[in-house]
Amino acid sequence: MIKITLPDNSVKEFDKGVTGLEIAEAISSRLAKEVLSISVNGEIRDLTRAIDTDATIKLHLWDDLEGRTTFWHSSAHLMAEAIESSFPGTKFGIGPTVDNGFYYDIDLPEGKVLSDKDLAGIEQKMLELARTKEEITRSEISKADALKLFTDKGDPYKIELITDLQDGTITTYHQGNFTDLCRGPHLPNMGFIKAIKLTSIAGAYWRGNEKNKMLTRVYGITFPKQKLLEEYLVLLEEAKKRDHRKIGKEMELFTFSAAVGLGLPLWLPKGTILREQLEKFLKKVQKKFGYEQVITPHIGDVGLYKTSGHFQKYGKDSFQPIRTPNEGEEYMLKPMNCPHHCEIFKFKPRSYKDLPVRMAEFGTVYRYEQSGELHGLTRVRSFTQDDAHIFCRPDQLKEEFLKVIDIIFIIFKALDFKDYAAQISLRDPNNKEKYIGSDENWEKAENAIIEACAEKGLKTKTELGEAAFYGPKLDFMIKDALGRSWQLGTIQVDYNLPERFGLEYIGADDKRHRPVMIHRAPFGSMERFVAVLIEHTAGKFPLWLTPDQVVILPISEKYNDYAQKVSNQLNISDIRAVIDDRNEKIGRKIRDNEMKHIPYLLIVGEKEFESNSVSVRRQGEGDQGSMSVDAFAEFIGKEVKDQLSEAYN
RNA sequence: GCCAGUGUAGCUCAGGGGUAGAGCGCUUCCUUGGUAAGGAAGAGGUCAUGAGUUCAAUUCUCAUCACCGGCUCCA
């Protein structure tokens with residue numbers, strides 16, 4: 001007998017060799033029907049594998065990430081089986097799970113192309129196979145046998161994968177007519193899979209390397225119940241309605257014009273108000289944190305970027321230098337603000353007493369992103385960073401870093417971003433030539449970030465090889481409506497630029513010392529931040545931020561003059577009001593303006609004109625009764641103030 | 001840059017080998033209406049661009065460009 005400890009710490013005895021499925025069966029038959037996989041002493045396994053020793057277990061259902069992952073992983077195998085039967089001779093790459101489903105990278109037989117129209121057929125085939133409840137079996141296999149198996153099958157990608165694996169650790173999974181190299185775990189059988197949607201086809205380089213062959217990637221998602229699939233599809237439709245490109249157009253926030261150029265956003269009047277409010281907000285916060293605003297040109301001498309190292313690294317993939325009438329003179333559109341700020345630091349000798357110097361600029365930069373990368377406002381070729389550079393003494397670094405994290409928290413709080421991920425990006429230790437700067441400086445910088453995050457109790461994940469070429473960074477990532485992750489706030493520690501620019505300060509010892517530099521942008525860029533904000537709020541911005549705070553609706557044209565008077569009065573109190581003076585009935589005006597997400601609708605007619613008042617409607621909440629214009633101005637002013645002071649504190 | 005898909009009015013979309021349609025929006029007129037769509041008339045399109053097939057192409061084929069979904073990249 002062995003002892004099995006359940007998550008509630010209760011202990012049950014079973015025969016040696018008991019399986020997860022049998023344990024579930026012993027608890028309840030319903031559980032046995034729903035359970036998908038099992039963790040045995042922390043390792044996720046198949047339900048059908050025997051447990052031979054005392055163990056702590058957890059059964060995974062659909063509600064667990066682990067359960068879903070098992071489910072989708074098996075679904076990928078099911079899809080591969082269906083594809084192999086429909087397209088014999090297909091070679092298989094990898095078929096992992098993702099946040100919402102799974103994919104499989106395949107190499108179709110010569111001359112075959114998979115298109116959207118083929119997906120329904122594959123779905124049908126998968127359903128047919130699933131209905132036969134094919135059992136999934138696991139085999140441990142020697143490296144030699146694995147190589148032979150996939151050589152016979154003619155799967156060069158699998159052979160490449162096996163070559164990198166260690167003998168004795170290799171397993172395959174088999175169902176129906178399909179065998180795959182796989183670590184597992186998997187469902188007991190394919191009968192669990194009841195609803196299938198293959199979502200898209202894409203190209204993807206083998207092993208993520210641009211130089212390799214491009215395989216066909218088929219994405220899909222599956223569910224244990226048809227109803228769950230239907231709910232998912234509804235959710236997907238809802239998410240598409242939040243797309244910032246769609247809302248940006250509807251709310252007239254920004255646009256693009258082919259005549260101006262690809263990836264060059266044009267901010268419309270309402271979008272400009274939104275952006276200016278964000279800038280105003282951040283400037284105020286930064287002032288409190290001791291920042292000083294500066295302004296620098298949009299171009300700089302090529303030599304500046306040679307000094308910084310950016311030209312060598314990115315020069316050929318950038319907007320190319322601008323020539324002048326003078327032979328040999330070349331300027332570049334600035335791809336970042338740091339070199340300009342370094343020159344401002346050098347403007348005069350700096351004492352240790354002057355540090356830290358915190359230099360902020362809403363600096364517009366130009367980067368020639370590959371055409372396939374452009375995406376709404378999230379990936380553009382001209383964008384404005386809420387940039388700042390902190391020049392500090394080494395002993396001030398951690399404190400300054402912590403303060404930047406505080407600023408980011410203030411912003412996230414003001415805009416109700418709760419669901420973010422913090423990522424520490426370090427150097428790839430196996431590929432050091434990609435980076436500039438000494439090992440010693442890199443280690444110092446990396447440790448500073450790691451320590452600061454630990455001190456803030458920030459939950460982070462660490463990625464090797466994701467650092468900037470001049471230093472490690474801490475990024476804050478937020479997901480858009482469709483679950484794609486975007487980097488917003490970023491903080492980077494840099495020992496390199498101060499060295500390359502020869503930055504110095506005079507220490508208390510009257511000797512020259514080198515400052516450390518922090519690059520930081522809490523929004524990341526105004527463009528990307530607004531994009532993510534739109535998707536986060538679905539266009540219902542908080543009152544303090546929204547372009548139109550109030551719309552005044554005259555009952556008839558007779559009251560347009562009064563509406564104008566109210567509008568003027570509100571504008572004096574810094575309230576952004578517009579008038580809907582169209583020749584329409586009040587019901588129509590209410591409907592149209594409710595749909596525009598304007599927080600307050602003011603209805604004015606005979607009664608209001610007589611009493612110098614307004615009838616107030618809160619968006620989505622209906623009639624709120626009437627009040628005097630002064631009272632309303634005060635009321636709304638207070639709401640704005642409350643929203644902001646909540647964030648500051 | 002690479003793979004697949006899409007491209008018809010300002011927007012959302014229908015149509016289809018014989019040179020175009022709806023709803024919304026826009027303009028004008030009627031109506032001056034009290035809390036989620038009042039009525040009428042009108043303007044607006046080289047059917048993305050270029051080539052090919054055809055008596056005839058917006059429709060079929062190819063190329064290009066743009067957009068969309070991914071991959072790679074992201075200072």
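Both backbone and side-chain heavy atoms feed into the values below; hydrogens, waters and symmetry mates do not. Proteins get letters first, then strands, A, B, ... in listed order; numbering begins at 1 in each.
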For a quick check of understanding: with a heavy-atom distance under 4.0 Å over all strands, which category does [X] fall into, base, sugar-phosphate or nothing?
X        : answer
A:Tyr103 : nothing
A:Thr216 : nothing
A:Ala258 : nothing
A:Glu250 : nothing
A:Gln312 : nothing
A:Lys607 : base
A:Gly372 : base
A:Ala204 : sugar-phosphate
A:Val113 : sugar-phosphate
A:Ile586 : sugar-phosphate
A:Gly208 : sugar-phosphate

Quantified in whole Å, what is the [atom1] atom distance between nucleotide [N] and nucleotide [M]?
N     : M     : atom1 : answer
B:G21 : B:G45 : P     : 14 Å
B:G1  : B:C60 : C1'   : 31 Å
B:C74 : B:G16 : P     : 47 Å
B:G17 : B:U61 : P     : 12 Å
B:A66 : B:A4  : C1'   : 16 Å
B:G44 : B:A20 : C1'   : 13 Å
B:C65 : B:U28 : P     : 43 Å
B:C73 : B:U12 : C1'   : 34 Å

Could a donor-acceptor pair under 3.5 angstrom be found where the side chain of [X] meets the base of [N]?
X        : N     : value
A:Arg588 : B:A37 : no
A:Tyr205 : B:G1  : yes
A:Glu369 : B:G1  : no
A:Asn209 : B:U72 : no
A:Arg379 : B:C73 : yes

- prompt: Taking A:Glu535 for the side chain and A:His244 for the main chain, is one N or O donor matched with an acceptor at less than 3.5 Å?
  reply: yes

- request: Might you work through the salt bridge (charged side-chain N to carboxylate O under 4.0 Å, His left out) test for A:Glu400 and A:Arg358, ending with a clear yes or no?
  value: CA-CA 10 Å; A:Glu400 288 303 309; A:Arg358 306 183 190 91; 2.9 Å; yes

Please determine if [X] and [Y] form a salt bridge, counting it only when a charged side-chain N lies under 4.0 Å from a carboxylate O.
X        : Y        : answer
A:Arg582 : A:Asp592 : yes
A:Arg367 : A:Asp317 : no
A:Lys432 : A:Asp439 : yes
A:Lys607 : A:Glu610 : no
A:Glu369 : A:Arg381 : no

What's the closest nucleotide to the [X] side chain, out of [options]?
X        : options             : value
A:Ser115 : B:G38, B:A75, B:G5  : B:G5
A:Arg617 : B:A36, B:U72, B:U12 : B:A36
A:Leu262 : B:U35, B:U31, B:A66 : B:A66
A:Arg217 : B:G33, B:C71, B:A75 : B:C71
A:Asn583 : B:G33, B:A37, B:C73 : B:G33
A:Gln492 : B:A75, B:G5, B:G34  : B:A75
A:Glu373 : B:G34, B:C71, B:A4  : B:C71
A:Asp116 : B:G5, B:A75, B:G69  : B:G5
A:His310 : B:G1, B:A75, B:C11  : B:A75
A:Arg484 : B:U35, B:G70, B:C73 : B:G70

Separation of [X] atom [atom1] from [N] atom [atom2], in whole Å?
X        : N     : atom1 : atom2 : result
A:His519 : B:A75 : NE2   : C1'   : 9 Å
A:Asp99  : B:G69 : CG    : P     : 17 Å
A:Leu253 : B:C11 : CG    : P     : 16 Å

May I ask you to evaluate whether [X] reaches the phosphate of [N], defined as a side-chain N or O under 4.0 Å from OP1 or OP2?
X        : N     : result
A:Ser556 : B:G33 : no
A:His375 : B:G69 : yes
A:Lys473 : B:A75 : yes

task: Give the ring-plane orientation class for A:Phe256 versus A:Phe254, where under 30° counts as parallel, over 60° as perpendicular and anything between as tilted.
output: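 Ring orientation of A:Phe256 relative to A:Phe254: perpendicular.
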
Whether A:His375 and A:Trp486 hold their rings parallel, tilted or perpendicular, with breakpoints at 30° and 60°: tilted

query: Taking for each residue the nucleotide of RNA chain B bearing the nearest heavy atom, is the 5' side occupied by A:Gln487 or by A:Glu606?
result: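 Its nearest nucleotide being more 5', the pick is A:Glu606.
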
message: Can you tell me if A:Phe469 is stacked onto the base of B:A75, using a 5.5 Å centroid cut-off and an angle below 30°?
response: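 No; by the centre-distance and plane-angle rule, A:Phe469 does not count as stacking on B:A75.
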
task: Mark yes or no: A:Arg528 above the aromatic ring of A:Phe523, with NZ or CZ under 6.0 Å from the six-membered ring centre and no more than 45 degrees from the axis.
output: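 Checked: cation-pi criterion not met.
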
message: If a pair means Watson-Crick or G-U wobble with both distances below 3.5 Å, what does RNA chain B look like in dot-bracket form, with | marking bases paired to a different strand?
response: (((.(((..((((....[..)))).(((((.......))))).....(((((..]....)))))))).)))....

field: Between CG on residue A:Leu215 and OH on residue A:Tyr157, distance to nearest 0.5 Å
entry: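 It comes to 5.0 Å.
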
